[in-house]
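Written below as C-alpha cells is the structure these notes are about.
In this text the structure is predicted, and so the values were computed from the model without any measurement. Quick note: numbers below take in every heavy atom, side chains included, and nothing from hydrogens, waters or symmetry partners. Order of listing sets the numbers, starting from 1, for every ligand and every atom in it.
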Amino acid sequence: MSQPAGAALSAARQRVQALREQIAQHNYRYYVLDDPGVSDAEFDSLLGELRALETTHPELLSPDSPTQRVGGEVAEAFAPVVHRLPMLSLENAFSAEEVEGFDRRCREAADGAEVAYVAEPKLDGLAVNLVYEKGRLVRAATRGDGATGEDVTANIRTLRSVPRVLRGAAPALLEARGEVFMPVAGFAKLNEEQQRAGGKLFVNPRNAAAGALRQIDPRVTAIRPLEICFYGIGAMEGGAEPDTQTAMLAMLREWGLRVSRLAQTLTGPAALLAYYGQMQQQRAALPYQIDGVVYKVDSRALQQKLGQVSRAPRWAVAHKFPPEEARTVLREVEFQVGRTGALTPVARLLPVLVGGATVSNATLHNMGEIARKDIRIGDTVLVRRAGDVIPEVVRSLPELRPADAPAILLPAQCPVCGSAVEQVEGEAVARCTGALRCRAQRHEALRHFASRRAMDIEGLGDERIAQLIERELVQTPADLYRLEVPAIAGLARMAEKSAQNLVAAIAASRETTLPRFLHALGIREVGEATAATLARHFGNLDALRGADIDALRLAPDVGPVVAARVHAFFADAGNQAVVNDLLACGIRWPQIAAARDAQPLAGKTVVLTGALPDMSREQAKEQLEALGAKVAGSVSKKTHYVVAGEDAGSKLTKAQGLGVPVLDAQGLAALLRGELP
Ligand code: IVH
C-alpha cells in the first residue's frame with residue numbers, strides 16, 4: 001500500500017509533535033513533580049521512536065527536540081556572558097546567635113513585625129543563570145564573578161532536568177537561577193568508571209559537577225549525571241513579578257523548572273532553627289550533598305527595603321553545617337615537594353568515611369602546625385573535610401596515644417632528590433634546596449612553565465611532564481625546545497601525530513610576551529600581576545636582570561620581599577644559565593620599551609564600573625592612564641572598552657546596548673599588559 005508522500009509526512013509530523021509533548025511531560029513529572037509517570041524503559045522507547053521518525057524525516061528535526069540535547073546551535077564555549085542582573089553571593093551564619101541577629105535586622109526593617117522566610121537546602125554545586133526568551137532557552141552561563149560568567153549553553157542543554165521550552169505562559173525574558181549538582185550516587189559511579197579507566201578521580205561531587213560543566217565537548221557532559229534545581233530569578237520582563245519568594249518558587253515550578261521540594265515558608269527564628277535541625281538529620285539520607293540551609297525573606301518588598309551590602313543581599317543568609325569530621329588513625333607521614341621546594345607533610349591515614357567521601361590522606365600543613373597540634377605517628381586523629389579544601393588533620397586525641405608513638409621529624413634530606421632540606425628562621429615551611437636538580441621541583445616548575453597563563457603550551461599536561469622527566473628527556477624548561485618528534489613518539493600513549501602536535505605547540509610558545517615569560521620562570525612571590533608590573537616598569541629583560549634591590553623597589557607595588565626574591569633569582573648562576581638557554585632557544589616577545597613610549601593604549605577610551613577584585617578603580621585608572629588610555633566617567637558610542645567588576649550597574653547595561661566591548665578582570669589584566677582584545 002503506498003501512501004502519498006505528503007500524507008506520510010503529515011502523519012509523521014503529528015506523531016513527532018505528540019511524542020515531544022509526551023517526553024516533555026514525562027521529564028516534568030520526573031524532575032519537577034518527583035512523580036515519574038512511566039518506567040525508564042518506557043521513556044527510552046518513546047525517545048527511540050522519536051529519534052527513528054526524525055531520522056526518516058530530517059525535515060522534522062528541530063533544535064528544541066528532546067533528541068537534540070547534544071549539538072544544535074553553536075555557541076562559543078565559555079565565552080564571557082554578562083548577566084543582566086548580577087548574581088549575588090550569600091553571607092554565612094554558623095550559630096543560632098548569628099541567625100537570630102539576621103532575623104533581628106530583618107525585623108527592624110519590617111518595623112518590628114515577625115518576618116516570614118523561605119527556608120531551603122543549600123545545594124553544594126555551581127550557580128548558573130539560564131536565560132529564557134519568550135519561553136525558549138537561549139543562553140546558560142556560570143556565575144563567574146557574579147557580573148560575568150562563562151557560556152555553558154551547549155552543556156546545560158544536555159541536562160534532562162532543563163526544559164528547552166517553558167510550560168504555560170512564559171514571560172518575554174526570564175533569567176532563571178539555580179544550582180547544577182551531581183547526585184552522590186552518580187558521583188560514586190563516575191569515580192568508579194574513572195578508576196577503571198585509569199583516569200583522574202574527582203575529590204567531591206561539586207568538583208565533578210564543575211568538571212562536567214566545563215567540558216569542551218557537550219557529548220561528555222551529556223553522559224555525566226548532572227541535575228539542576230532552581231531557587232530564584234534575576235531579570236524578568238513582560239510578566240507579573242511574584243511578590244513573595246514562595247510565589248516565585250511556585251511560578252518556577254509551573255514553568256516546568258524544578259525547585260526543591262524541601263523548601264518551606266516559615267515565620268520567626270525558632271522555626272528557622274528547627275528547620276536547620278531537621279535538615280541536618282536528613283542530610284545523610286539525601287541523594288545530593290548540601291552544606292547548609294538558606295533563609296530568604298519571603299516578602300520581595302521587604303527584600304528591596306533591606307537591599308544589599310557589597311555582593312550579598314541583607315535579606316538572605318546561608319546557615320552552614322559545621323564542617324564534617326571523623327576519627328581515624330595516622331599511620332605515617334610523607335613529605336611532598338612543591339614547585340618552590342616547599343615540603344608539605346601529608347598524613348597517610350586508615351581510610352575513613354568523612355561526609356560521604358573516603359579520606360586516606362590529609363594535609364598536616366607544616367612542621368609548626370604538627371608541633372602546635374601535638375601530633376605523632378600512630379595517633380588517633382580528627383580529620384576534617386570542609387567544602388572543596390583538601391582534608392586536614394584537625395587535632396590528635398593524646399589520651400588514645402600508644403605508649404611508643406614516635407614524633408614526626410622533618411627529614412634532613414629531600415625525600416625526592418636527597419638535597420639538604422632547609423628551614424629558614426621565621427618561615428613556616430621547610431624547603432628542599434635541590435632547585436631544578438630535584439625531580440619534584442622540576443616537575444612542578446615545568447608544569448607551571450607550560451601552564452595556560454604562563455607559556456601556554458597546549459597538550460603538555462601532568463602525565464606528559466612526568467614521562468619526559470622519567471625518561472630524562474627534559475631537565476630544564478629550555479630542554480622542551482630541543483625535543484624532537486622521534487624521541488617523544490616513543491612515550492606511552494603518544495602517537496606520532498600527537499608527538500608532532502606537542503612539538504609544534506612547544507615551538508609556537510616561543511612567541512610570547514615579557515610578562516608571560518617572567519611569570520613562567522616561577523620566581524617566588526612573582527605571580528601574574530607582579531610579572532606584568534615588572535615588565536612594564538623595566539621595559540625589557542636586561543634592565544630587570546641588572547636591577548639591584550633598590551632599583552627593584554622603585555617598581556609599583558614591589559615591596560622588600562618581592563624585590564629580594566627577584567634579585568636572588570637572577571643572581572643565581574643556575575637560573576642565569578636557564579634564562580640564557582631559553583633565550584638561545586628562540587623565545588622572544590615584542591619589545592615593550594618601544595611600546596611603552598608609544599603608549600599601547602593611546603587613543604583608547606575606557607570606562608570602569610563595578611568593584612574590581614585585585615585593585616581599586618583608582619589604581620586601575622592610574623595604570624590605564626600610564627599606558628596612554630583616557631579613562632572616562634560615562635559610556636558613549638566613542639567608548640572603546642567598558643571594564644565591569646562586581647555589581648556593575650547602568651554603565652554595563654548601556655555598554656551592552658551600544659555594543660561596546662565589555663571586559664572582566666582578566667580582560668583588564670590583558671589590557672594592562674598592552675594586549676588589545
Ligand atoms: S540564593 C541572593 N539559594 O550558594 C541569592 N543559593 O553562597 C543568592 N546555593 O552562589 C543565592 N543553594 O551557588 C541560593 N537554595 C539556594 C542555594 C544557593 C545553593 C549556592 C549558590 C550561591 C551560593 C552562595
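Donor-acceptor pairing under 3.5 Å is recorded for the side chains of Ser95 and Glu98.
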Which pairs of N or O atoms, one from ligand 1 and one from the protein, are separated by less than 3.5 Å, and what is the distance for each pair?
residue, atom, partner, partner atom, Å
ligand 1, 3 (N), Lys296, NZ, 2.9
ligand 1, 4 (O), Lys122, NZ, 3.2
ligand 1, 12 (N), Leu123, N, 3.1
ligand 1, 13 (O), Glu179, OE1, 2.5
ligand 1, 13 (O), Glu179, OE2, 3.2
ligand 1, 15 (N), Glu120, OE2, 3.0
ligand 1, 15 (N), Pro121, O, 3.2

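Glu369 and Arg372 are joined by a salt bridge, as a carboxylate oxygen and a charged side-chain nitrogen come within less than 4.0 angstrom of each other.
From Asn129, atom CG reaches atom CZ of Arg177 across 4.5 Å, with rounding to the nearest 0.5 Å.
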Could you pull out all donor-acceptor pairs under 3.5 Å where a side-chain atom in residues 262-269 meets a protein atom, sequence neighbours excluded?
residue, atom, partner, partner atom, Å
Thr265, OG1, Thr246, OG1, 3.0

message: Could you walk me through whether Asp243 and Arg300 satisfy the salt bridge (charged side-chain N to carboxylate O under 4.0 Å, His left out) test, starting with their C-alpha distance in whole Å, then the side-chain angles of each, then the deciding distance to 0.1 Å, before giving a yes or no?
response: CA-CA 5 Å; Asp243 50 17; Arg300 294 193 79 209; over 6 Å; no
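Partner of Val606 under the side-chain contact (heavy atoms from CB on, under 4.5 Å) criterion, out of Val642, Leu663, Val643: Val643 alone.
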